[in-house]
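Given the structure is predicted, the values throughout are model-derived calculations rather than measurements. Below, chains carry the letters A, B, ... as their sequence lines are ordered, and counting in each starts from 1.
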2 protein chains.
Amino acid sequence: MAAFTSKDVARIAGVSQSTVSYVMTGKRPISERTRQRVLDAMEQLTYEPHSGARALAGRRTRVVGLVVRFGAGGDAFGLLPFIETIANSARAHDHEVLLVTADEGSAGLRRLAGRALCDAIIMMDIEEHDDRVPVAAALSVPVVLIGVPADPAGLHCVDLDFEAAARMAVDELADTGHDEIVVVGYPASVMERGLNYVGRFLRSARRQAQVRGLPLTVIEPVEHGQEAAAADQLLTRRTGGRLGVVVPHSDAIVPLLNALRKQDVVPGRDISFIGLSPDREAGQSDPPYTNISVEPRDVSRRAMETLFWLLDPSSGVERPPIDLVAPRLTRRTTVMPTPSN
Amino acid sequence: MAAFTSKDVARIAGVSQSTVSYVMTGKRPISERTRQRVLDAMEQLTYEPHSGARALAGRRTRVVGLVVRFGAGGDAFGLLPFIETIANSARAHDHEVLLVTADEGSAGLRRLAGRALCDAIIMMDIEEHDDRVPVAAALSVPVVLIGVPADPAGLHCVDLDFEAAARMAVDELADTGHDEIVVVGYPASVMERGLNYVGRFLRSARRQAQVRGLPLTVIEPVEHGQEAAAADQLLTRRTGGRLGVVVPHSDAIVPLLNALRKQDVVPGRDISFIGLSPDREAGQSDPPYTNISVEPRDVSRRAMETLFWLLDPSSGVERPPIDLVAPRLTRRTTVMPTPSN
DNA sequence: ACGCATCGTCGATGCGTATCGACGCACAGC
DNA sequence: GCTGTGCGTCGATACGCATCGACGATGCGT
């Protein structure tokens, strides 16, 4: 494991170092015969190019910076699937992933760009008013946001279409003849962080309820462990009409269902229930609930496509600056069917 | 943001480039006056050293490679806390974290070392017989394992002391006058992966039960969604004696508790229950269960200490090649107290 | 006053790769 | 046969920093 250089490869293949380089980059034509000799030599030495030297000479690192926020809060509907998808996508483009925790704030961003640690950055957990966004916009490397801040400052954003999700939930309940909608709000810890999607969801739900002529109330907050109280609060709403409950905070769904069960309230019979969560959780829950999908993989895949397009605009079709992934409604057991008169 | 170089800093400070370098590394004495001038110049330009150039010239990258396995399976008691702790620790040493998914197998390892992408590697989710371990051992960079394989091949390992945990669980039940112990085994998906701790836990539990003269049975497998069946199987054991249940697979704990509740079996009254899980989960569960802690943060912190010690052995005390973190038992409500005769 | 060690700084060099200009060659057209 | 045109290859250079040897300045002892 003595670490070979392209010069070693060149010597063995009987060519010059620059030829080896051209074989790797393909930026100049190389005869098939020479090419093969070089590839053989590489194989023989198990040669790997030195990434530092590459970054220095080529001005690109083949590294993607990933800025995530670990501190709990926000829907923890899996940071992992996001990271996994991003890692796989990076790998597919022969890029590495450098992890930066958001606790560092914008200092991490400056480091990534200033030290030439990566060619592009993908930043998650964007808040509605996020200090890091203007900093990111001023960097010399392209940045893609997962989440949509109030002012994207020209950066590309990818996110689930929370407004469409809210409309979808309201429409589903309206279409099935409900009289009233209650949205279980986000816990204070999430609200405080001003995560962008919180506001977008609630506003859109209110608007759509108005359009459909349904009264809509937001109950809040539902803190962890307080789900029983929320369930109570929720049930006092039940005036004998058809009540539909929408729970956008995925962490609150299962506890709420449990709290309802304890009170012998059966979703799908006594009230209706729609959650915003990954499909898998919704299907495996007891009972399986009607949900609007939040698929991290879709979102991060799109974000990576945008990122690589920014790195090489010639490589694909133009990407929209704000790319919202359409949610999907899956009907299960928890929405009461339209009464058949 | 034109990206300044140390030469720019040197020019502004009125010194040579090498002096700037020595100010940064501290490898040669620099007068306080000069030092300050250089630091001022750096500040003024918001200079950041080019990491590629640094890696090339200095032969170290200040990057830690982190190899994780995303594919579900194994106790998913939070990959995130591990990653977070590792990221923070790296940051504290002015190192970055490069993420490699284990799906790539040992190819990822070779890439990390071959391309000089990092100075050291930390590898998680080690299996009892893990192909990657011999590869890792042959690399030119130090590697720390989180988990203990059958043959560590000379690598340093850090892990929870699962054997002590098993002994602890058995002792707790024995000390409180139980007649029989049932260990709820791991699901087949985990067993198949041959994760090292599974075997270590089960073997140690059996041994200790023998020492304490208690019959111990292992029920398996408990697949996701099959917890009710497991609960049935478990309760058939109840011959009127004092039955203690140990659940090492943290993901199975809450579903099992739920299944028991449905059958009106109250842990702490009718049977005893000990789970292996993070303290937080145990305390917030309903009911809070007696648990043996599995604290990812402790483990990964120790792993990082070992890693940085390997990078600079003069920096601290020698580290043991196999470093097991002692578990901790927290008594809550689910173990029946010793009958007072 | 003179040699000697120490401190602080500088210039030069090398790290491994990408890239630019040059050059030799075969082959086309005339 | 001679010039032009790509094609394939080479040599040289630059990238930004760490490090080594050198060297002037200073303070010490005698």
Please enumerate all protein N or O atoms sitting under 3.5 Å from an N or O of nucleotides 16-19 of chain C, with distances to 0.1 Å.
unit_1 : atom_1 : unit_2  : atom_2 : d
C:dT17 : OP1    : A:Tyr47 : OH     : 2.4
C:dT17 : OP1    : A:His50 : N      : 3.2
C:dT17 : OP2    : A:Ser6  : N      : 2.4
C:dT17 : OP2    : A:Ser6  : OG     : 2.8
C:dA18 : OP1    : A:Arg54 : NE     : 3.1
C:dA18 : OP2    : A:Ser21 : OG     : 3.0
C:dA18 : N7     : A:Gln17 : NE2    : 3.4
C:dA18 : N6     : A:Gln17 : OE1    : 3.1
C:dT19 : OP1    : A:Lys27 : NZ     : 3.4
C:dT19 : OP2    : A:Lys27 : NZ     : 3.2

Give DNA chain D the dot-bracket treatment, 5' to 3': Watson-Crick (N1-N3 with N6-O4 or O6-N4) or G-U (N1-O2, O6-N3) under 3.5 Å, [ ] crossing, | other strand.
||||||||||||||||||||||||||||||

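Between the CD atom of A:Glu32 and the C1' atom of D:dC7 there is a distance of 15 Å, rounded to whole Å. As a whole-Å value, the separation of B:Arg37 CZ from C:dG8 P is 14 Å. For the pair B:Asp8 CG and D:dC15 P, the computed distance is 11 Å after rounding to whole Å. When the P atom of D:dC10 is taken as reference, atom CZ of A:Arg11 falls 15 Å away, rounded to whole Å.
Looking at A:Arg111 and B:Glu48, no side-chain N of the basic residue comes within less than 4.0 Å of a carboxylate O on the acidic one, giving no salt bridge. Using a 4.0 Å cut-off between charged nitrogen and carboxylate oxygen, A:Arg69 and A:Glu104 do not count as a salt-bridge pair. A salt bridge between B:Asp119 and B:Arg62 is absent, with no side-chain N of the basic residue lying under 4.0 Å from a carboxylate O of the acidic one. Ion pair A:Arg302/A:Asp298 not flagged as a salt bridge, since none of the NZ, NE, NH1 or NH2 atoms sits closer than 4.0 Å to an Asp/Glu carboxylate oxygen.
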Given side-chain contact (heavy atoms from CB on, under 4.5 Å), test B:Ile322 with B:Leu324 step by step and report yes or no.
CA-CA 6 Å; B:Ile322 296 197; B:Leu324 297 177; 4.2 Å; yes

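Using modelled atom types and a 3.5 Å distance limit, the side chains of A:Arg115 and B:Ser51 yield no donor-acceptor pair. The closest side-chain donor-acceptor pair between B:Ser18 and B:Ser21, if any, does not fall under 3.5 angstrom.
Judged as a ring pair (Phe, Tyr, Trp, His ring centres under 6.0 Å), the pairs with a partner in residues 88-108 of chain B (not counting sequence neighbours) are, in order, B:His93-B:Phe308, B:His95-B:Phe308.
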